[in-house]
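See below for the structure under consideration.
All ligand and atom numbering here is 1-based and tracks the order in the structure.
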Amino acid sequence: MFKLTAKALACALSLSIAGMAQAAEPIVIKFSHVVAENTPKGQGALLFKKLAEERLPGQVKVEVYANSSLFGDGKEMEALLLGDVQLIAPSLAKFEQYTKQLQVFDLPFLFDNIAAVDRFQQSAAGQGLLKSMESKNITGLAYWHNGMKQLSANKALYEPKDARGLKFRVQASAVLEEQFKAVRANPRKMSFAEVYQGLQTGVVNGAENPWSNIYSQKMHEVQKFITESDHGVLDYMLITNTTFWNGLPADVRSELEKINVEVAAEVNKQADALNQAAKQSIVDAKTSEIIQLTPEQRGKWRDAMKPVWKKFEADIGADLIKAAEASNQQ
Ligand code: LMR
């Protein structure tokens with residue numbers, strides 16, 4: 001009969017202790033993003049790390065990589081699908097390869113303000129979009145606000161005709177390309193990490209960003225004019241790899257889900273204040289003239305850009321556009 005020697009027993013024991021130690025290793029969640037820490041998304045990622053590590057001590061370790069330091073916006077989605085990163089929060093403009101429905105957020109002059117965006121995101125239609133990419137192994141966990149976009153350039157932009165012939169950096173979005181073509185400007189897709197240099201060297205002459213992105217990337221130092229146009233929104237979807245998320249131990253996943261609700265509420269509460277503070281810092285820096293549009297001037301931008309909606313209606317769905325538009329009514 002097989003008898004365990006003292007040596008074999010010791011060996012078996014040490015193997016099982018090693019196994020236990022291995023099982024006790026924390027789950028590492030890499031959170032990669034492209035913006036600075038002093039922005040709504042940068043703060044959201046840090047708050048997620050803090051709460052996850054406080055409430056799941058030893059079970060979860062969160063590594064946050066800001067400023068495209070791990071993956072730039074061209075690569076982060078691919079990295080998520082390959083399992084090289086577990087959480088990202090791309091701008092809603094960056095999903096068109098995975099679903100056309102999210103293009104609704106890029107339509108110019110669709111939302112009157114961020115409160116309307118919020119109402120739409122929290123509606124049944126908005127919440128449904130979080131699940132619209134599960135067949136591609138992408139699960140949406142929450143919406144995070146950044147804010148409304150402002151136009152910037154080295155030329156004063158009062159009316160659409162002022163933008164004619166200028167080169168504008170756009171995110172990887174067909175809607176945003178069409179938006180600039182509608183005012184006879186030239187859109188150039190460019191990753192976020194390259195925008196400052198692109199503006200500095202004149203590869204592009206202008207851009208569209210919320211105040212927090214303009215200030216934290218120092219774009220105001222290379223843009224003489226910023227028009228407070230509020231012509232569109234730049235918000236995010238916090239996403240994960242569906243297989244990874246569903247494979248988490250149930251108790252860990254449910255705690256992380258609670259944390260996600262809290263983090264989204266906090267990001268969305270703070271985003272406007274962060275943008276207003278960034279705007280004030282730009283005013284104080286005196287690098288750029290901030291242009292306020294009259295209602296008539298803003299109407300001209302709207303009239304010029306709104307035909308873009310029609311071009312994307314079939315892809316997005318007329319009902320979804322209607323639901324988004326309805327969110328302007330309280
Ligand atoms: C951009 O590329 O302009 C934005 O998506 C960057 C960001 O994540 O806010």
- Task: Return the minimal non-hydrogen interatomic distance between Asp235 and Ile114, and the atom names on each side.
- Result: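 Scanning both residues, the minimum pair turns out to be OD1-CD1, 3.8 Å.
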
Quick one: does ligand 1 sit under 4.0 Å from the side chain of [X], the backbone, both or neither, non-hydrogen atoms only?
X      : result
Lys41  : side chain
Asp73  : side chain
Leu234 : side chain

- Message: Testing Tyr236, Trp144, Tyr143 one by one against Leu92 for a side-chain contact (heavy atoms from CB on, under 4.5 Å), which residue passes?
- Response: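 The residue from Tyr236, Trp144, Tyr143 that satisfies side-chain contact (heavy atoms from CB on, under 4.5 Å) with Leu92 turns out to be Tyr143.
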
- Task: Sort out for me which residue in Val175, Asp106, Val104 forms a side-chain contact (heavy atoms from CB on, under 4.5 Å) with Phe312.
- Result: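 It is Val175, the one option of Val175, Asp106, Val104 that forms the side-chain contact (heavy atoms from CB on, under 4.5 Å) with Phe312.
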
- Task: Consider ligand 1: state whether an atom of it lies below 4.0 angstrom from any non-hydrogen atom of Arg169.
- Result: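 Yes.
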
- Message: Counting C-beta onward and ignoring hydrogens, is there a side-chain heavy-atom pair between Leu87 and Leu141 closer than 4.5 Å?
- Response: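 With C-beta onward as the side chain, the pair touches.
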
- Message: I need the atoms of ligand 1 closer than 4.0 Å to a non-hydrogen atom of Ser91, numbered in the order shown.
- Response: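 Answer for ligand 1: 5 (O).
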
- Item | Element-labelled atoms of ligand 1 that are located less than 4.0 Å from some non-hydrogen atom of Val34 |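 Near Val34, the atoms of ligand 1 are 6 (C), 7 (C), 8 (O).
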
- Could you grab the distance from atom CG of Asn328 to atom CG of Asn113, nearest 0.5 Å is fine?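 If we round to the nearest 0.5 Å, Asn328:CG and Asn113:CG are 7.0 Å apart.
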
- Please state whether the rings of Phe48 and Phe31 are parallel, tilted or perpendicular, taking 30° and 60° as the class boundaries.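 Judged by the thresholds at 30° and 60°, the geometry between Phe48 and Phe31 is perpendicular.
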
- Item | Short N or O distance, Tyr236 and ligand 1, threshold 3.5 Å exclusive |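 Between Tyr236 and ligand 1 (N or O atoms, distance only) the closest approach is under 3.5 Å.
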
